[in-house]
**Student:** 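Sharing a structure with you now.
Naming: A, B, ... by sequence-line order, numbering from 1 per chain.
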Amino acid sequence: MIAKVIVDVPSRATDRPFDYTIPAGLIGWVEIGSRVGVPFGGRVLQGFVIGLADYADVDVSKLKPIAELLDHVPPLSPDLVELAQWISEKYFCALTTALQVMIPAALKGKADSVVTISEEEQDYSWLHAGEGDAPWLAFIRASGGPVRMAALQERFPDDAAAIKQAIKLGILTEQVSIKDRLSVRKVLTVYPPDNEALAQEALANYSARAAKQQEVLRYMLENREPITMSALVETLSTTSGTIRAVADKGLITLREVETQRDPYAGRNFKRTEPLPLTEGQQAVYEEIAEALDAEASRVFLLHGVTGSGKTEVYLQTIERCLQYERQAIVLVPEIALTPQMVERFKGRFGDSVAVLHSRLSNGERYDEWRKIREGRAQVAVGARSAVFAPFQRVGLIIIDEEHESSYKQEESPKYHARDVAVRRARQHGAAVVLGSATPSLESFAAASRILSAASAFSVSDDSAKSSGGAALLPMPHRVGNRPMPKVHLIDMRDELKAGNRSMFSRQLHEALLDRLEKGEQSVLLLNRRGYSTFVMCRSCGYTAQCPHCDISLTFHQKSRVMRCHYCGHAEQAPEKCPTCESEHIRFFGTGTQRVEEELAKLFPGIRVIRMDVDTTTEKGSHEKWLTMFGERKADVLLGTQMVAKGLDFPYVTLVGVIAADTSLHLPDFRAAEKTFQLLTQVAGRAGRHELLGEVIVQTYNPEHYAIVSAQHHDYAAFVQEELKHRRFMSYPPFCRLIVVTLSDEQLTLLITAGDKLASTLRQLAYESGVKGWIDSDGSRFIDILGPVASPIPRMKDRYRFQCMIKYRGNVGAIDLLKQAISMISGPQGQPPVQISVDVDPQVIL
DNA sequence: AGCACGCCGACT
DNA sequence: GTCGGCGTGCTC
């Protein structure tokens, strides 16, 4: 039996299966999806088995056996291995990279080796200048067994060469194995007496001086249940020493017991029952239920206005799904994965919910993952990567706020969770529900059949035969028919004309004052996308730039340090301008900070919670602020994007947007869409309950369609206008994009390679039979733009150029690109410069 | 990615 | 004469 193994080296040259024999002892254990340690080029690496075969593809004499099997149960299943293969092809990454994102970081094994002395009685004094054994050799001898290589290196850092030599000469034998980074958590547990008669007797005869010990013993005899040491200490208000003393007498037993970490341990989630559905919810529910009943892999776009009760629909469709003994995955944008959100799922489904988010420790995430794989959880709620939750039979995948760009991973593999979800659902015959108040144009186009199916959904690229597309399920009304909040646009140019130079318009000022008097709460959004805190000289215009990347340094108030977001370079902020020596160097602090100061000035005694990167980096701080706000310990919640998502506070009756336009004019074709989405989302935070809500939007572009449509809660109007622009400019959803970034330290090399890639690609496209490569009817075309300097032209001392490929229809763009790259690469496939590919990019800044 | 093999400069 | 620079090639 031969195992096809993908080794954990993410490079083009090794991105293919290598064959290994399976040692007799492991036959039957090694499966597709197994994680193994294999000898590879003189060392032992972690690898994944992606196939089993009777015969090897290479000469049998070259084969080596698998060195070890790393898990009893394979961490991946065949369907996930297949999904990884799809990801590596579609998103242009090494297969091992795709496999790695599917397992928790705790299982990313690293080689760990031990050495032993091969022949004990030899005289090795010749190894070093002195008498007898070298100190490191003596150390190994003294230990009497295998010594960890890492320990040896740490203790004898100067003898690395000698130790290596000894291994080579066969004096030392090295044994390598893969060690996981995971630690199983153990808890010291107290067990009741085995011998009750003896214990009863001891209890009666306990020395009067050991009352506490007696109490411990009595407790254990009465309760007869194992209890953790810490809990026992707490209940009897004693010390572990006392308990140990009882154990030393042999009356009770102490044992280390493996436990699961539960990040939500000790939290009681109030059980909730399904709510009666409104007519609109019911109709949507039935559509989805029908697909669940039929085990049909269908995609639904649930377009529900803010406050229309999407979550309740999710909960009830999940319940339906669970009835078929199939599992459900719920994806939520990281930032919306708040305790409020988790509570709703835990409240309905209790312990069968596993929660996966980035704030968990490696160990916690591993335990939640195991809970899923071992069938103890039926529902997984999590961010992007939860789409890989290792369920056996997925019946339903829900993607909440499907338009969020955080579903696209920006590092390799640069996958989009929405597209992966659709693909995974197809494997399992599962339904996909994409929910949003402001669907992405791509999803909306797919659902409303504006375009031919083949160009609509990313997934339909590889199967023109599948109908692609999605079914549109609208929920246009709020629960209880609550009105949408009234949105006022304030033209800030008029404010300036009227002599108001403050960042608050007179209307917003008044409204804030009003809420303060009534004791109601307000949310203030500072739309700060694309604007960071930087250092600038007011006299000469100098701005502090990173010496390695062409980008402004970000100023951190606390430490007065300027830092580069891309490479981490940091330096002290200067006292005076380094070019003109002027003292007028200004630090433009975070926008939110300035707003906070202004608020304090205008409204003395106002209680403000500020949420931005500075105040929410600490673990749990995000929750802390929101809880405080929920308890009405503040009048105003001020923040960036993060205050716009999924929050639901009954006393919020005013939402103010300080500058709606900041994201409108970014050089990104999605700028208008992002602005519309943000305004709509944040407006939805107001008046969700009994109290009516009001929204005040300050802008310099009160006639822009993105802002006007948001004012009228008119998604359809926005889409109609935006689609016109997209069609005219040939952007998604009217075509698909691939951005290829080339980077190198040498500019000349880079330019040559860039030109070569683009011309090769154009030639290939021309030859590929897309006649004239721009098809006149527009149903199929491919267009190659560039190379041009990237928006960040230099990063980490490397220059960057990019090409953009626009295409539509089944033109095999990814294959053409693959071909072109291999044509400009060397014989081993080594590219002349570093090439990184982003398929369906979300941010084109 | 690492590591070995291999062909040209400054040293005991 | 050798030690060692890192270019090229390979890892089942």
Side-chain angles (χ1 to χ4, degrees), chain A residues 1-24 26-27 30-70 81 85 88 92-101 105 108-113 115 129 149-150 153 160-170 172 174-179 181 411-413 743-746 749 752-753 796 798 821-837:
Chain A
M1 201 62 147
I2 300 297
K4 308 263 175 203
V5 176
I6 297 295
V7 294
D8 188 18
V9 180
S11 84
R12 205 138 292 168
T14 49
D15 189 27
R16 62 191 168 88
F18 288 85
D19 291 349
Y20 287 88
T21 57
I22 303 172
L26 292 182
I27 287 175
V30 173
E31 302 170 56
I32 291 179
S34 288
R35 203 166 54 107
V36 292
V38 289
F40 188 78
R43 55 217 165 110
V44 176
L45 293 179
Q46 178 181 281
F48 285 95
V49 176
I50 62 150
L52 297 169
D54 291 327
Y55 301 101
D57 292 332
V58 291
D59 196 287
V60 185
S61 64
K62 287 175 92 176
L63 295 184
K64 290 180 185 171
I66 288 173
E68 58 179 330
L69 180 67
L70 298 175
V81 169
Q85 283 170 316
S88 80
F92 228 92
C93 67
L95 183 48
T96 183
T97 313
L99 291 162
Q100 289 286 1
V101 284
K108 278 166 199 165
K110 270 196 80 179
D112 186 66
S113 72
V115 288
M149 197 61 172
Q153 273 166 5
I163 295 168
K164 247 185 209 161
Q165 182 73 4
I167 292 168
K168 229 177 198 170
L169 293 171
L172 295 179
E174 186 185 21
Q175 260 206 322
V176 192
S177 64
I178 305 287
K179 277 276 176 299
R181 296 186 206 158
E411 312 88 62
S412 187
S743 68
D744 197 83
E745 285 168 22
Q746 292 176 54
L749 209 63
T752 319
K796 297 182 191 172
R798 301 174 67 88
I821 289 177
S822 83
M823 281 168 73
I824 66 162
S825 297
Q828 266 70 49
Q830 69 275 50
V833 296
Q834 204 183 83
I835 298 177
S836 132
V837 178

**Student:** Going 5' to 3' along DNA chain B, which nucleotides are the first and last within contact of chain A (any atom under 4.0 Å from a heavy atom)?
**Tutor:**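 From 5' to 3', the first and last contacting nucleotides are dA1(B) to dG2(B).
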**Student:** Can you pull out every side chain to side chain donor-acceptor pair (under 3.5 Å) where at least one residue sits in residues 56-67 of chain A? Sequence neighbours excluded, please.
**Tutor:** K4(A)-D57(A), D59(A)-S61(A)
**Student:** Taking only residues two or more places apart in sequence or in another chain, which ones pass side chain to side chain donor-acceptor pair (under 3.5 Å) with S825(A)?
**Tutor:** none
**Student:** Search all heavy atoms of I32(A) against all heavy atoms of G51(A) and return the closest pair with its distance.
**Tutor:**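 Closest approach of I32(A) to G51(A): CG1-CA, 3.9 Å.
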**Student:** For F40(A), check ring-ring contact (aromatic ring centres under 6.0 Å, His included) against everything at least two apart and list the hits.
**Tutor:** F18(A)
**Student:** Treating D744(A) as the side-chain partner and Q834(A) as the backbone partner, does any N or O pair qualify as donor plus acceptor under 3.5 Å?
**Tutor:** no
**Student:** Does anyone know the first and last nucleotide of DNA chain C in reach of chain A, 5' to 3', at under 4.0 angstrom to a heavy atom?
**Tutor:** dG9(C) to dC12(C)
**Student:** Looking for any heavy atom pair under 4.0 Å, which part of the strands does P17(A) touch: base, sugar-phosphate only, or nothing?
**Tutor:**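 Nothing: the residue P17(A), judged by heavy atoms under 4.0 Å, touches no strand.
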**Student:** Using a heavy-atom cut-off of 4.0 Å across all strands, would you classify A13(A) as base, sugar-phosphate, or nothing?
**Tutor:** base
**Student:** Mind checking what makes side chain to side chain donor-acceptor pair (under 3.5 Å) contact with S412(A), not counting sequence neighbours?
**Tutor:** none
**Student:** Which atom names give the shortest non-hydrogen contact between V30(A) and A3(A), and what distance separates them?
**Tutor:** CG1-CB, 4.4 Å
**Student:** Tell me what R12(A) touches on the nucleic acid: a base, only sugar-phosphate, or nothing, going by heavy atoms under 4.0 Å.
**Tutor:** nothing
**Student:** At under 4.0 Å between heavy atoms, what does Y20(A) touch on the DNA or RNA strands: base, sugar-phosphate, or nothing?
**Tutor:**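 Result for Y20(A) = sugar-phosphate.
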**Student:** Decide yes or no for S743(A) and V833(A): does some side-chain heavy atom of the first lie under 4.5 Å from some side-chain heavy atom of the second?
**Tutor:** no
